[in-house]
A.B. asks: 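This structure is in structure tokens; I'll ask about it shortly.
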Amino acid sequence: MSDPLGASLVSAVGDRTAAALGKTLGLHTVGDLLRHYPRRYAERGQMTELGRLTVDEHVTVLARVKSASSRPMRGRRGTILSVVVTDGRDDLSLTFFNQAWRQRELVEGRTGLFSGKVGSFNRSLQLANPDYVLFDGGDDDADVLDQFAALIPVYPASAQMPSWKLAQSVRVVLDTLGALDDPLPEQVRDEHSFLGLAEALRLVHLPRTKADVAAAHERLRWEEAFVLQALLAQRRLAARELTATPRTPSPDGLLAAFDAALPFTLTPGQRVVGEEVAADLAQTWPMNRLLQGEVGSGKTVVALRAMLTVVDSGGQAALLAPTEVLAQQHARSIRAMLGPLAEGGLLGGSDRGTRVALLTGSMGAAARRQALLDAASGDAGIVVGTHALLQESVSFFDLGLVVVDEQHRFGVEQRDALRAKGSAPPHVLVMTATPIPRTVAMTVFGDLEVSSLSELPKGRSPIATHVVPAGEKPHFLDRAWVRLREEVAAGRQAYVVCPRIGEGPEEAPSGDEPASDDARRPPIALLEIAPLLTDGPLAGLRVEVLHGRMHPDDKDAVMSRFAAGEVDVLLATTVIEVGVDVPNATGMVVMDADRFGVSQLHQLRGRVGRGGHAGLCLLVTDAPPGTPARERLDAVASTLDGFELSRLDLEARREGDVLGASQSGRRTSLRLLSVLRDEDVILSAREEAARAVADDPTLAGDPALAQAIAQLVDAERADYLEKA
Ligand code: ADP
Ligand code: MG
């Protein structure tokens, strides 16, 4: 198959331009260039809104010259030419050094495109030594603009490669472009009345009308969704080719004993998801399922029942947790839930029982040896651990199920490393408490089946959330401490959460914090306010500190004392963010709450109100009302719906970040598709893609699609290698 899109740019646009395109924008092939779509389109005669520019942005604006004047530079030889351009309302200054001759062409009333990096000088925005082209020129490249119809493409550009130069290259390439093989099957194109690929590429770069742009975008966007979904459909199909050991519970086994002893009834959601999981486990290919559910929705119980099913059938289950605190807590709570069932082989234990081993990176040698032995011999039916489980020295007797808690902290590679420890591929269940919108799940975890727990168990108390505006109303903060003391006086416990540990090597930022640009004061540090609180508003209470730099044994000891009610207030960092479960804790004060992401706050707040008593979460901030930071906090305070908050959180980020750092390969392949806005497109493309792949799993009959998929895989792989 001839592949015009794979051809090098050199022969199309010449050495020099090809080198510039490659170096500054990473565009090497004809396909790279044609897939570099315009960011927007300037309309002839319609000025760019200059009031909306932001500093440091590389911009291309359509504007009219308002004035031009030159003067000698102060204290040096040479001249400064100052030109003011306008959109009719706002102005932008252009400054040229030693280019006074430009005053002859930059005369009042002329319009053109001006391109450069926005700087700020004397409180107003300016472009220094910008590139430009003018309409109706007569000069060198003056007719550049006149070649375009009413819409002038504006590209993501660079200083070396201004938008209109790029447009010229595109034009050259399009002029000689022949027919293209289309990754969209003909029947799909017909059904949706989509443009063909070549036509779509032509119109996205050189539209005559806005309708052209819309038609091109529609098709290209759909194509992005389709190619990705076809890849994921192939992966799902490939997964079915693997053989796994089917696991079913025995009628009088561990699961039955556990269910009989369960102190509560399962929620309808837990029952439904439990059945989905059980059906997966009984299959001859590996389960690959994502279980998402609100904080406290009872995912752990569902996972534990799956683990017991596997143990019943003679296999083992591994539970992978993102932090030591969480691994320890999981081990503790699983042992507690199992009671005598977790004492298999021990005196007084149930003879149906098994054992729960814990393996973390920081365990002592003896404990570690015992845990390794229990895993390898199969004596431990359940092995809980952190990343330490992934090490080569860890082996299992018969690993049948891997449960991954809090997926977003583990990469796909880590999932795979654990998966490789079974003799046959184990079943995999991934749990996440950060609910993600369905289309994001389909895009990011498209090779996983998704189950959701949407309701909380009965008897769960509501959590009231309030924003405490410590900036405007300092006495509100005093009031917050009083409320916390009231909780303690009523026999409850509380958390105070800080964004930073303080003292000593600074931890990496928690990662979820929205990018901050300014030089704000550093966030409040745990170790700095601890003495102020214990000597001040929390004096007389039993207060302890918990953070990520403590020795794991100390962390575990503090958590145990807090769980046992021997500590009133836990001062902590986000180590308590995921999964920590102390039902008697009802109060939470989050310091500098605006430094946390929306989903993270929602996670944190899930730590209170887990028992029969109402929870109270106070978000302390000095972010002024009306700022985005404050609005995010107001949103958190206004709803307990995790799906809604997660959507909000994602919308606040740039689209690319929605897919997460581990997904940047996928991110670059999604140029027009928005995983948040284009739900319809993703759903319909997914359906068509599944059909296409089911009809022809290797896509032998559809080489253009196969090639598009191969390129997508390459992009992901290149990205992975870059990071490694
Ligand atoms: P998640 O892992 O989804 O945050 P957990 O599984 O840790 O939630 O459950 C939170 C708490 O609710 C635990 O104390 C658990 O024992 C309890 N729980 C789970 N399911 C139920 C249920 N159906 N009814 C009552 N309590 C439940
Ligand atoms: Mg949990």
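First listed ligand is number 1; within each ligand, the first listed atom is number 1. Start at 1 with the first residue, then count along the sequence.
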A.B. asks: With the side chain counted from C-beta on, respond yes when Y495 and L546 share a heavy-atom pair under 4.5 Å apart, and no when they do not.
C.D. replies: no
A.B. asks: Do the side chains of R561 and E544 get close enough for a salt bridge, i.e. N-O under 4.0 angstrom?
C.D. replies: yes
A.B. asks: With heavy-atom distances below 4.0 Å as the criterion, list the atoms of ligand 1 near L266.
C.D. replies: 23 (N)
A.B. asks: Might you work through the salt bridge (charged side-chain N to carboxylate O under 4.0 Å, His left out) test for K299 and D405, ending with a clear yes or no?
C.D. replies: CA-CA 9 Å; K299 295 182 295 297; D405 194 7; over 6 Å; no
A.B. asks: Side-chain atoms of residues 275-287: list all donor-acceptor pairs with protein atoms under 3.5 Å, sequence neighbours left out, distances to 0.1 Å.
C.D. replies:
residue: E276; atom: OE1; partner: S451; partner atom: OG; Å: 2.5
residue: D280; atom: OD2; partner: R289; partner atom: NE; Å: 2.6
residue: D280; atom: OD2; partner: R289; partner atom: NH2; Å: 3.2

A.B. asks: Heavy-atom contacts under 4.0 Å between T265 and ligand 1: side chain, backbone, both, or neither?
C.D. replies: backbone
A.B. asks: Does S297 have a heavy atom less than 4.0 Å from any atom of ligand 1?
C.D. replies: yes
A.B. asks: Using a 4.0 Å heavy-atom cut-off, which part of M337 comes near ligand 1: side chain, backbone, both, or neither?
C.D. replies: neither
A.B. asks: Could you tell me, atom by atom, which parts of ligand 1 come under 4.0 Å of a heavy atom of T267?
C.D. replies: 23 (N)
A.B. asks: Heavy atom to atom 2 (O) of ligand 1, shortest distance: which of D405, L304, L262, T300 holds it?
C.D. replies: T300
A.B. asks: Between the side chains of R368 and S393, is a donor N or O closer than 3.5 angstrom to an acceptor N or O?
C.D. replies: yes
